[in-house]
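See structure below.
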Amino acid sequence: DLLVHVRDITHPDTILQKATVLSVLKNLNLPSHLLDSMVEVHNKVDLIERYKPTEENALAISALHGHGVEELKEEIEKKILTATGKKILSVTVNLEGPQLSWLYKEATVQEVEVMPEDGTARVKVIIGNSAFGRYKNLFPN
């Protein structure tokens, strides 16, 4: 669903390495949308003082120190959701009903926050459009 190209930005031949990787990927006859949506990651930015990527849409990280890793995770999540046609939603469910069980079967449940005072839970899910349509039909409230 997604290509992530991680480069050692401190390597003296990093530009040539990028060109080689892109050439190999193009020769694999991958779908063009994969190449177009590829995430470009510049690693080891901690070794270059005040590093700023000159390439459009490149993310600067230091895997060693964790710099930029959260932004990378967010970008990957966003692109995967787009590529797979899914979205992240929060829904409130009645704990006495079948909604929570249905969501565990038909979606990816990420979080469940139980509100015992009213017998409900706020559920954060990753769900596809068609599954969400079925959910709304089955549980209109």
Side-chain angles (χ1 to χ4, degrees), residues 1-116 118-141:
D1 293 318
L2 180 65
L3 293 173
V4 179
H5 182 201
V6 180
R7 290 172 47 201
D8 174 354
I9 206 64
T10 65
H11 193 283
D13 289 326
T14 189
I15 302 296
L16 178 60
Q17 288 176 335
K18 177 182 178 175
T20 302
V21 167
L22 291 177
S23 175
V24 169
L25 290 172
K26 286 177 184 166
N27 287 335
L28 291 175
N29 294 320
L30 297 173
S32 62
H33 73 275
L34 272 179
L35 295 173
D36 295 339
S37 66
M38 182 168 55
V39 177
E40 175 83 19
V41 181
H42 295 177
N43 190 26
K44 298 188 180 182
V45 299
D46 55 301
L47 300 176
I48 301 174
E49 200 171 319
R50 291 189 295 269
Y51 179 78
K52 294 247 191 275
T54 57
E55 297 168 47
E56 191 176 328
N57 300 321
L59 298 172
I61 72 162
S62 168
L64 180 65
H65 298 291
H67 169 76
V69 173
E70 283 306 312
E71 292 83 358
L72 174 59
K73 287 181 189 177
E74 290 170 11
E75 183 69 12
I76 289 171
E77 181 178 85
K78 182 179 79 172
K79 292 208 174 195
I80 289 288
L81 290 172
T82 299
T84 60
K86 294 185 178 183
K87 55 185 143 202
I88 297 176
L89 297 173
S90 287
V91 293
T92 301
V93 301
N94 182 336
L95 290 172
E96 294 179 3
Q99 293 99 323
L100 186 57
S101 176
W102 190 93
L103 287 170
Y104 270 108
K105 288 179 194 164
E106 301 294 330
T108 302
V109 175
Q110 290 192 307
E111 294 175 17
V112 178
E113 179 186 349
V114 175
M115 293 170 276
D118 62 359
T120 64
R122 180 169 306 280
V123 183
K124 183 178 175 186
V125 295
I126 300 174
I127 192 166
N129 290 330
S130 62
F132 187 58
R134 290 192 309 275
Y135 178 84
K136 290 192 300 190
N137 286 336
L138 286 169
F139 312 110
N141 295 335

Looking at every non-hydrogen atom in both residues, tell me the closest pair between Val45 and Ala60 and how far apart they are. CG1-CB, 3.7 Å
To the nearest 0.5 Å, atom CG of Leu34 lies from atom CG of Leu3 at 5.0 Å
Report yes if the side chains of Lys44 and Leu64 come closer than 4.5 Å at any heavy-atom pair, otherwise no. no
Output the distance between atom NE2 (His5) and atom CE (Met38), rounded to the nearest 0.5 Å. 6.5 Å
To the closest 0.5 Å, what do you measure between CG (Leu72) and CG (Leu59)? 6.0 Å
Taking the side chain as C-beta and beyond, is there a heavy-atom pair between Glu77 and Leu81 under 4.5 Å? yes
Show the nearest heavy-atom pair for residues Val112 and Ala121, with the distance to one decimal. CG1-CB, 3.9 Å
Gap between atom NZ of Lys18 and atom CD1 of Ile9 - 0.5 Å precision: 9.0 Å
Distance-only side-chain donor-acceptor flag, Thr14 / Arg7, under 3.5 Å: yes
Derivation and outcome, side chain to side chain contact (heavy atoms under 4.5 Å, CB included), residues Asn129 and Lys87: CA-CA 8 Å; Asn129 290 330; Lys87 55 185 143 202; 3.0 Å; yes
Heavy-atom pair with the smallest gap, counting every atom of Leu95 and Thr120: CD1-O, 3.6 Å
Minimum-distance pair of heavy atoms, taken over all atoms of Asn94 and Gly119: OD1-O, 3.6 Å
Can a donor-acceptor pair be found, under 3.5 Å and without considering hydrogens, that links the side chain of Thr20 to the backbone of Leu16? yes
Which value, rounded to the nearest 0.5 Å, describes the distance between Thr82 atom OG1 and Leu2 atom CG? 10.0 Å
Are Gln99 and Val123 packed together at the side-chain level, in the sense that at least one heavy-atom pair is separated by less than 4.5 angstrom? no
Could you label the plane-to-plane angle of the Trp102 and Tyr135 rings as parallel, tilted or perpendicular, counting under 30° as parallel and over 60° as perpendicular? tilted
Is the shortest heavy-atom distance from the side chain of Glu75 to the side chain of Lys79 under 4.5 Å? yes
Close side-chain approach of Arg134 and Ile127, heavy atoms under 4.5 Å: no
Does the side chain of Ile61 come within less than 4.5 Å of Asn43's, by heavy atoms? yes
Using a 4.5 Å cut-off on heavy atoms from C-beta on, say whether the side chain of Glu40 contacts that of Asn57. no
Spacing of OG1 belonging to Thr92 relative to CE belonging to Met115, to within rounding of 0.5 Å: 5.0 Å
Electrostatic pair Glu74:Lys78 at N-O distance under 4.0 angstrom: no
Side-chain contact test, heavy atoms from C-beta onward, threshold under 4.5 Å: evaluate it for Asp46 versus His67 and give yes or no. no
